[in-house]
Amino acid sequence: MKVSFELNGQAQSVEVQGRSLLVDVLREQLGLTGAHVGCDTSQCGCCTVLVDGQGVKSCTMLAGQAEGCRITTIEGASTPALHPVQVAFTECHALQCGFCTPGMIMATISLLERHPQPTDEQIVEGLSGNICRCTGYAAIIDAVRHAAKLMAEARS
Ligand code: FES
Ligand code: FES
């Protein structure tokens with residue numbers, strides 16, 4: 001079947017199988033390998049992308065369900081300047097191996113869309129679907145706080 005959606009601001013049509021997962025179509029057919037596959041149990045969150053602005057694990061969504069949706073991957077987060085969340089993750093040293101980072105960043109963008117000034121509880125809840133095996137999370141939480149500040153400054 002053919003599925004059409006907006007991908008990182010551009011119209012996109014792609015032929016997919018009925019059982020194709022969005023993450024596989026993004027990575028294998030469209031060459032966007034920033035959404036990582038870190039598990040086969042829908043738990044790691046490394047594959048998180050934005051679907052109509054909401055963070056979604058792209059391994060849990062059939063590509064056919066993307067019809068008419070607005071999809072943003074980590075490749076589309078920068079414009080081309082780094083997104084403030086990317087800047088904050090860099091400045092706060094919130095990554096080590098980096099495998100979880102694209103998913104963490106997309107989940108953070110989604111979180112800050114819902115909660116521009118998140119409490120620590122909202123940060124923990126917002127990233128609860130994303131697993132990092134390296135950092136211990138403290139630097140990631142710092143980065144989310146810092147990103148919120150950077151984005152507030154940019155709005156003022
Ligand atoms: Fe682990 Fe999608 S690959 S949640
Ligand atoms: Fe290695 Fe998060 S930085 S898994």
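Start at 1 and go down the list; that is how both ligands and their atoms are numbered.
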Give me the atom names and distance for the closest heavy-atom approach of Q29 to E15. NE2-O, 2.8 Å
Which of the ligand 2 atoms, numbered from 1, are nearer than 4.0 Å to a heavy atom of C134: 1 (Fe), 3 (S), 4 (S)
CD of E67: more than 12 outside heavy atoms within 6.0 angstrom? yes
Suppose we only count N/O/S atoms under 2.8 Å; would C44 qualify as near atom 1 (Fe) of ligand 1? yes
Short check: any N/O/S atom of C100 below 2.8 Å from atom 1 (Fe) of ligand 2? no
What protein heavy atom lies closest to atom 3 (S) of ligand 2? Include the residue and the distance to one decimal. Q96 N, 3.2 Å
Ligand-side contact atoms (ligand 1) for residue partner Q43, heavy atom cut-off under 4.0 Å: 4 (S)
Is it the case that the side chain of E75 and the backbone of T33 share a donor-acceptor pair, with hydrogens and angles ignored and the cut-off at 3.5 Å? yes
Which of the atoms of ligand 2 are close to G98, meaning less than 4.0 Å from one of its heavy atoms? 1 (Fe), 3 (S)
T108 side chain vs M104 backbone, donor-acceptor pair below 3.5 Å: yes
From I141 atom CD1 to H146 atom NE2, the distance as rounded to the nearest 0.5 Å: 15.5 Å
Could you list which atoms of ligand 2 come closer than 4.0 Å to a heavy atom of C132? 2 (Fe), 3 (S), 4 (S)
Within the distance-only criterion (no hydrogens, no angle test), does the side chain of N8 pair as donor or acceptor with the backbone N or O of T73 below 3.5 angstrom? yes
Do other residues, nucleotides or ligands put more than 12 heavy atoms under 6.0 Å from the CZ atom of R19? no
Within 4.0 Å of some non-hydrogen atom of R133, the atoms of ligand 2 are 4 (S)
Using a 4.0 Å cutoff against the non-hydrogen atoms of G38, which atoms of ligand 1 qualify? 3 (S)
Which residue and non-hydrogen atom of the protein lie closest to atom 4 (S) of ligand 1, and at what distance in Å? G45 N, 3.3 Å
With respect to atom 1 (Fe) of ligand 1, please indicate if C39 possesses an N, O or S atom at a distance under 2.8 Å. yes
Contact atoms of ligand 1, heavy-atom distance to C59 under 4.0 Å: 2 (Fe), 3 (S), 4 (S)
Any side-chain to backbone donor/acceptor pair from K57 onto S42? Under 3.5 Å, distance only. yes
